[in-house]
Amino acid sequence: MFYHHLGKIPPKRHIQFKQPDGSLYKEEVVSSEGFSGIYSILYHINPPTRIKSLGQPVPFGPKILENYGLRQTHLNTAKVGVTGEDFLSARKVLLMNNDCSMAICTPRQRKMDYFYKNAEGDEVLFIHDGSGKVISQFGVVEFRQGDYVVIPRTVIYKIEFNEGPLRVLVIESASPVETVKRYRNRLGQLLEHSPYCERDIRPPQELVTDTSRGEFLVKIKKQGHLHQYVYDYSPLDIVGWDGFLWPYAFSIHEFEPITGRIHQPPPVHQTFEGHNYVICSFVPRLFDYHPLAIPAPYNHSNIDSDEVLYYAEGNFMSRRGIERGSFTLHPGGLPHGPHPGTVEKSIGAKETRELAVMLDTFKPLFLTTDAKEFVDSNYPMSWTDAADGFNEINSP
Ligand SMILES: [Fe+2]
């Protein structure tokens, strides 16, 4: 990430910075990896340590589905409607391990009457359908269909969705979500061969400085619970901040695909990374242009990763049973590849209109109990018979 600031800040850090009444603003350094990672400095009207009351923790989180076995998996969530009441209770985690999880989320309530802080994970929201804004201590990040919204841990925020169709994919990461290391120079700037650059990243705009008093609930997620903290002032009591750590939006439509004469491997689609996983974006692009190119992917034996594709847009309906909103999990240890007939049918195809988000993990993923209802039991056998058409999803 890069340096950004909003609002008023003093000319030097850790010096006196006075409010109109002569009292000091309260400085808060929000740092990652101890003091070795990126950080920001926020200036509060009130001490961020002062709480009014502390409620009982409420259990919150998914449960692993036991004894699922090793199998190619298709979770079809296309028909799912509202998944819960609000932004937290609507999260249906479908796949998880200790490094990350993947949830669908379509809340009935478009606004939150509380604030939320994830104290143990960064969050990536992929806005499949919908638009709205994340209102945090760092300001407002507006988002629209196709955006990734990256929210670092401990950012206190609330989210407001606009009216209209709504479907959000929520990836939670135990480690910091970062841009791809091989695309950064030694000072962190994105290099010329990166599929996106700093101009594509949308930092918070329009700082909200809320001076109101009252009761403000912040639900803090940590260790399988939501902890209920009540403050007597708004957590958005920030007059200014600066630093490298802030929530942002990045549109999948700004990802510039890397193409070649022959089939390019999935790392060319990589968009983000964390410890033990990568997130990739499959976007509309021209197909391979060698005279003997095969646009469809080859069979692939992923010996040490589990591969999840979330199908957002495109012609993947020709893949048997796959719909908009489907997930496939191709676990390590089993070869996967195009359905019968699709390799031959792909020859001569010039471009793809597909849009998909991939999560590849380097440790096995588990289905959750919430995933069970979406399992397509026919999928493991779907390579046995001739397919109906060309599978446009081009991930090997
Ligand atoms: Fe693969």
| message | Taking Tyr229 as the starting point, is it possible to reach Phe216 by hopping between hydrophobic residues whose side chains are less than 4.5 Å apart? | response | yes
| Taking atom types as modelled, is there a side-chain donor on Tyr277 or Asn97 under 3.5 Å from an acceptor on the other? | no
| What heavy-atom pair brings Ile171 and Met102 nearest, and what distance separates the two atoms? | CG1-CG, 4.1 Å
| message | If you count every heavy atom of other residues, nucleotides or ligands that lies below 6.0 Å from Arg213 atom CZ, does the total exceed 12? | response | yes
| Could you give the distance from CD1 (Ile220) to CD1 (Ile156), rounded to the nearest 0.5 Å? | 6.5 Å
| Ser40 versus Phe244, closest heavy-atom pair with distance | OG-N, 3.5 Å
| Atom CZ of Phe362: over 12 foreign heavy atoms under 6.0 Å | yes
| query | Does the distance from a Lys or Arg side-chain N to an Asp or Glu carboxylate O, for Arg91 and Glu123, drop under 4.0 Å? | reply | yes
| Applying the ring pair (Phe, Tyr, Trp, His ring centres under 6.0 Å) test to Phe272, which of Tyr148, Tyr183, Phe126 qualifies? | Tyr148
| message | Let me confirm one number: the OH-CG distance from Tyr68 to Leu367, rounded to the nearest 0.5 Å. | response | 5.0 Å
| task | Supply the atom-to-atom distance Leu226 CG to Asn118 CG, rounded to the nearest 0.5 angstrom. | result | 9.5 Å
| Stepwise, does the side-chain contact (heavy atoms from CB on, under 4.5 Å) test hold for His269 with Met358? | CA-CA 9 Å; His269 307 283; Met358 187 167 79; over 6 Å; no
| request: Check the surroundings of atom CG in Asn98: do more than 12 heavy atoms from other residues, nucleotides or ligands lie under 6.0 Å from it? | output: no
| field | Student check: side-chain heavy atoms of Ser173 and Val124 closer than 4.5 Å | value | no
| message | Please check: side-chain N/O of Arg110 versus main-chain N/O of Gly164, any donor-acceptor pairing under 3.5 Å? | response | yes
| query | Do Tyr379 and Leu309 belong to the same hydrophobic cluster, where Ile, Leu, Val, Met, Phe, Trp and Tyr are linked whenever their side-chain heavy atoms lie under 4.5 Å apart, directly or via other members? | reply | yes
| query | Are Phe287 and Thr352 close enough that some pair of their side-chain heavy atoms sits under 4.5 Å apart? | reply | yes
| message | Can you confirm if the aromatic rings of Phe327 and Phe374 lie within a centre distance of less than 6.0 Å? | response | no
| task | Return yes when atom CG of Asp21 has more than 12 non-hydrogen atoms of other residues, nucleotides or ligands closer than 6.0 Å, and no otherwise. | result | yes
| task | Evaluate the side-chain proximity of Leu166 to Pro107: yes if any heavy-atom separation is below 4.5 Å, no if none is. | result | yes
| note | CG of Asp86 to CG of Asp113, rounded to nearest 0.5 Å, is 7.5 Å
| query | Which distance, rounded to the nearest 0.5 Å, do you find between the OG of Ser32 and the CG of Asp122? | reply | 9.0 Å
| field | His44 and Asp237: side chain donor to acceptor below 3.5 Å | value | yes
| query | Side-chain contact, heavy-atom cut-off 4.5 Å: Leu94 with Thr77? | reply | yes
| said: So which atom in Pro257 and which in Pro284 form the shortest heavy-atom distance, rounded to 0.1 Å? | reply: CG-O, 3.7 Å
| query | Heavy-atom count around Leu70 CG within 6.0 Å, excluding the residue itself: above 12? | reply | yes
| Does a side-chain N-to-carboxylate-O contact under 4.0 Å join Glu313 and Arg324? | yes
| task | Any chance you could lay out the ring-ring contact (aromatic ring centres under 6.0 Å, His included) test for Phe138 and His4, step after step, and finish with the verdict? | result | CA-CA 10 Å; Phe138 293 83; His4 191 62; 10.0 Å; no
| Where is the tightest heavy-atom contact between Gly188 and Arg184, given as atom of each residue plus distance? | O-CD, 3.4 Å
| query | Charged N to carboxylate O under 4.0 angstrom, Asp288 versus Arg261? | reply | no
| Is the centre of the Tyr3 ring less than 6.0 Å from the centre of the Trp246 ring? | no
| request: Please collect all side chain to side chain donor-acceptor pair (under 3.5 Å) contacts where either partner lies in residues 356-373, sequence neighbours excluded, each pair once. | output: none
| field | Nearest heavy-atom neighbours spanning Glu33 and Pro176 | value | OE2-CG, 4.3 Å
| request: Measure the spacing between CD1 of Ile322 and CG of Asn76 and express it to the nearest 0.5 Å. | output: 7.5 Å
| query | When you look at NZ of Lys26, are more than 12 heavy atoms from neighbouring residues, nucleotides or ligands closer to it than 6.0 Å? | reply | yes
| Residues Lys52, Glu215: salt bridge by 4.0 Å N-O rule | yes
| task | Report the C-alpha distance between Arg199 and Glu254 in whole Å, list the side-chain angles of each, state the deciding distance to 0.1 Å, and finish with yes or no for salt bridge (Lys or Arg N to Asp or Glu O under 4.0 Å). | result | CA-CA 10 Å; Arg199 290 188 202 179; Glu254 301 296 346; over 6 Å; no
| message | Parallel, tilted or perpendicular: which one describes the rings of His300 and Tyr298, with boundaries at 30° and 60°? | response | perpendicular
| Under 3.5 Å, is there a donor-acceptor pair between the side chain of Glu120 and the main chain of Gln223? | yes
| said: Test of understanding: clusters of I, L, V, M, F, W, Y form through side-chain heavy atoms closer than 4.5 Å, transitively. Do Val80 and Val357 belong to the same one? | reply: yes
| task | Could you state whether Leu365 and Ile64 fall into the same hydrophobic cluster, counting links through intermediate Ile, Leu, Val, Met, Phe, Trp or Tyr residues with side-chain heavy atoms under 4.5 angstrom apart? | result | no
| request: Could you tell me whether Glu142 and Lys133 make a salt bridge, using a distance below 4.0 angstrom between a side-chain N and a carboxylate O? | output: no
| query | Are the aromatic ring centres of Tyr157 and Tyr116 under 6.0 angstrom apart? | reply | yes
| message | Membership question, hydrophobic clusters at under 4.5 Å side-chain separation (ILVMFWY): are Tyr248 and Leu236 in the same one? | response | no
Output a table of donor-acceptor pairs, distance under 3.5 Å, between side-chain atoms of residues 10-18 and any protein atom two or more places apart or on a different chain; print 'none' if there are none.
residue : atom : partner : partner atom : Å
Arg13   : NH1  : Tyr39   : OH           : 2.7
His14   : ND1  : Glu27   : OE1          : 3.2
His14   : ND1  : Glu27   : OE2          : 2.9

| message | Looking at every non-hydrogen atom in both residues, tell me the closest pair between Ile159 and Met112 and how far apart they are. | response | N-SD, 3.2 Å
